[in-house]
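Have a look at the structure below, then the notes.
Fair warning: this is a prediction, and the values are worked out from it, not measured in the lab. The figures here come from the full heavy-atom set of this structure, side chains too, leaving out hydrogens, waters and symmetry mates.
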Amino acid sequence: MQVSVETTQGLERRLTITVPADSIDSAVKSRLQQLAKTQRINGFRQGKVPVSVIQKRYGQAVRQEVAGDVMQQNFYQAVMQEEITPAGMPKFELTKDQQGQDLEFVASFEVYPEVKVQGVDEIEIDQPKVEIKDEDLDNMMETLQKQHANWVEVEREAAEEDRVVIDFVGKIDGEEFDGGKAEDFTLELGKGRMIPGFEKPLVGAKAGQDVTVEVTFPEDYHAEALKGKDAVFDVHVKKVEGQELPEVNEEFAKLFGIEEGGIDALKDEVRKNMQRELDQTLKAKVKEDVIAKLLEKNELDVPQALVDQEIEALREQAKQRFSQQGGGQNMPELPAELFTDNAKRRVSIGLLLGEIIKQNELQADESKVDALIETSASAYEDPQEVIEYYKNNEELMQQMKNVALEEQAIEWVLDNAKTQEVTKDFDEVMNKQA
């Protein structure tokens, strides 16, 4: 076998491989002899068909089949011989294929880029320090109250976070338009669920009052005929409702599965959940910051084959999300362009973190793997059952080991970068995350 390597452009490589004629011809002859033992042809007994007859009828197809196998086998031998690592499957082109002559073919493919992680010591990372204060806990308890509040009719003016029941008719240039009319419509103020400007005039309104609302439909509004149009809504307020919060007592605690310890036990549980969510948010924030700055310092030429794989993975994730939201089989085929930038970024991240893991000979820390599993399991009713499920599933365990390795690579960057501790408030960090 003779091999020549050519760099066409960037990460693309072109191997021209020549295979001696005798190895091809002998393989074709052997396969024809095998066929002669099994084929049924009129005028000959099974197993007694002359190879010359088989050659005439099946020779071309057999040679194509053998050539395909030879190209596959010799390609892998060639890349091992030349110490080349393909990124994705090759494209084969048969350039010489005549009986009695050497077979020649070309394999075109991409290789992995040479990755050298640099500039880590120049990276600056803020590491937020956040303490959950009593007022943060009080705010969370109030949020829980609101989640279990009852709506009761009130006679006062409507305020933010109140609910109004309204009838309305919308007009453009004095004419009603499709979809612009409703009766007994319930609207919670302050949520921003209507078009911009609709809710504000209703704050301060009372039951029985008529309100004129002037708005402009956004340019990106879903209804083509309404995009950018000015509209006037005649709104009649039929009812104003306010929230009646439940009393914070033992009965309230039982709503969250706290049977003993009352409010103190509930607060302990809520604080633990807040701390867990905070820790996860901070870890995700720092990780994203590290990755973003690592990419800034290390721009890579990534193989299109790997990008294409990521595009398909992202497209499949989008399909699953759409299906979960009730889209089912009605989702159109999403164009690759929607995912290209994200796919390139993910490939670059994988290559950089992989190189950090390789160069530092990092191995998945078992204690970190266990901690990751325990954190994941803590959100379930029976954490131990979830932990056992992970422990008995090789695929899930490998996924956790990969996550642990990725975290260890991030930690390595943090150890070698410039970091500074920055004090932040709980609400500031969690609201930004939201």
Side-chain angles (χ1 to χ4, degrees), residues 132-171 176 179-215 217-218 222 231-274 277-278 325-326 379 381 425-428 430-434:
I132 298 177
K133 301 174 183 176
D134 289 343
E135 63 189 80
D136 298 320
L137 179 59
D138 291 342
N139 290 337
M140 186 59 69
M141 292 296 292
E142 184 178 347
T143 298
L144 295 178
Q145 282 180 279
K146 289 179 178 178
Q147 289 174 356
H148 290 78
N150 293 318
W151 291 102
V152 295
E153 189 170 355
V154 296
E155 295 184 2
R156 57 173 172 77
E157 294 181 347
E160 291 279 350
E161 298 187 355
D162 280 347
R163 203 165 72 172
V164 292
V165 179
I166 58 177
D167 295 340
F168 61 81
V169 177
K171 298 178 181 179
E176 294 185 23
K181 184 177 181 179
E183 294 182 354
D184 294 325
F185 185 83
T186 300
L187 175 63
E188 190 172 346
L189 301 177
K191 296 294 185 181
R193 290 173 180 163
M194 299 293 281
I195 57 177
F198 190 95
E199 294 180 13
K200 188 175 180 180
L202 298 177
V203 175
K206 297 181 69 173
Q209 186 174 344
D210 292 320
V211 180
T212 299
V213 176
E214 297 181 2
V215 298
F217 282 92
H222 61 84
V232 176
F233 285 86
D234 296 323
V235 182
H236 178 68
V237 181
K238 303 178 77 171
K239 190 187 298 184
V240 177
E241 297 176 330
Q243 288 183 324
E244 185 178 68
L245 301 181
E247 187 177 346
V248 179
N249 53 25
E250 287 194 9
E251 290 302 314
F252 182 70
K254 288 180 180 179
L255 294 174
F256 301 91
I258 305 296
E259 297 295 333
E260 297 181 4
I263 294 304
D264 289 339
L266 174 60
K267 287 185 174 181
D268 287 344
E269 189 64 27
V270 171
R271 186 182 285 273
K272 286 178 186 176
N273 290 338
M274 291 172 68
E277 291 180 15
L278 174 62
Q325 294 167 4
E381 186 175 343
D425 292 331
F426 177 83
D427 278 347
E428 179 185 4
M430 300 306 289
N431 288 338
K432 281 186 178 180
Q433 180 69 12

Do [X] and [Y] have side chains that approach each other closer than 4.5 Å (heavy atoms only, starting at C-beta)?
X	Y	answer
Met194	Val215	no
Lys239	Trp151	no
Val237	Lys206	no
Thr186	Lys238	no
Phe256	Leu144	yes
Val213	Val211	yes
Phe426	Asn139	no
Lys146	Glu142	yes

Keeping the roles fixed (side chain from [X], backbone from [Y]), state whether a donor-acceptor pair exists under 3.5 Å.
X	Y	value
Asn273	Val270	no
Glu199	Gly190	yes
Glu247	Phe252	no
Asp167	Asp184	yes
Asp425	Asp427	no

Taking all non-hydrogen atoms of both residues into account, name the closest pair between [X] and [Y] and its distance.
X	Y	answer
Val203	Ala159	CG1-CA, 4.3 Å
Ala158	Val164	CB-CG1, 3.9 Å
Leu266	Ala253	CD2-CA, 3.9 Å
Pro196	Pro218	CD-CG, 4.0 Å
Ala265	Glu260	CB-O, 3.4 Å
Met274	Asp136	CE-O, 3.6 Å

Quick check for you: to the nearest 0.5 Å, what is the distance between [X] atom [atom1] and [Y] atom [atom2]?
X	Y	atom1	atom2	result
Lys191	Arg163	NZ	CZ	11.5 Å
Ile263	Glu251	CD1	CD	10.0 Å
Glu183	Ile166	CD	CD1	11.5 Å
Ile132	Lys272	CD1	NZ	12.5 Å
Ile258	Lys267	CD1	NZ	13.5 Å

Is [X] atom [atom1] crowded by more than 12 heavy atoms from other residues, nucleotides or ligands, each under 6.0 Å away?
X	atom1	answer
Gln147	CD	yes
Glu214	CD	no
Glu176	CD	yes

Assess whether salt bridge (charged side-chain N to carboxylate O under 4.0 Å, His left out) is satisfied between Asp234 and Lys181, documenting all intermediate values. CA-CA 9 Å; Asp234 296 323; Lys181 184 177 181 179; over 6 Å; no
Could you go through Met430 and Leu278, starting from their C-alpha distance and side-chain angles, then the distance that decides it, and tell me whether this counts as side-chain contact (heavy atoms from CB on, under 4.5 Å)? CA-CA 7 Å; Met430 300 306 289; Leu278 174 62; 4.2 Å; yes
Students often mix this up, so state it plainly: with edges at 30° and 60°, are the rings of Phe217 and Phe233 parallel, tilted or perpendicular? tilted
Please evaluate residues Lys254 and Glu250 with respect to the criterion salt bridge (charged side-chain N to carboxylate O under 4.0 Å, His left out), reporting the C-alpha separation (whole Å), side-chain torsions for both, the decisive distance (0.1 Å), and the verdict. CA-CA 6 Å; Lys254 288 180 180 179; Glu250 287 194 9; 5.3 Å; no
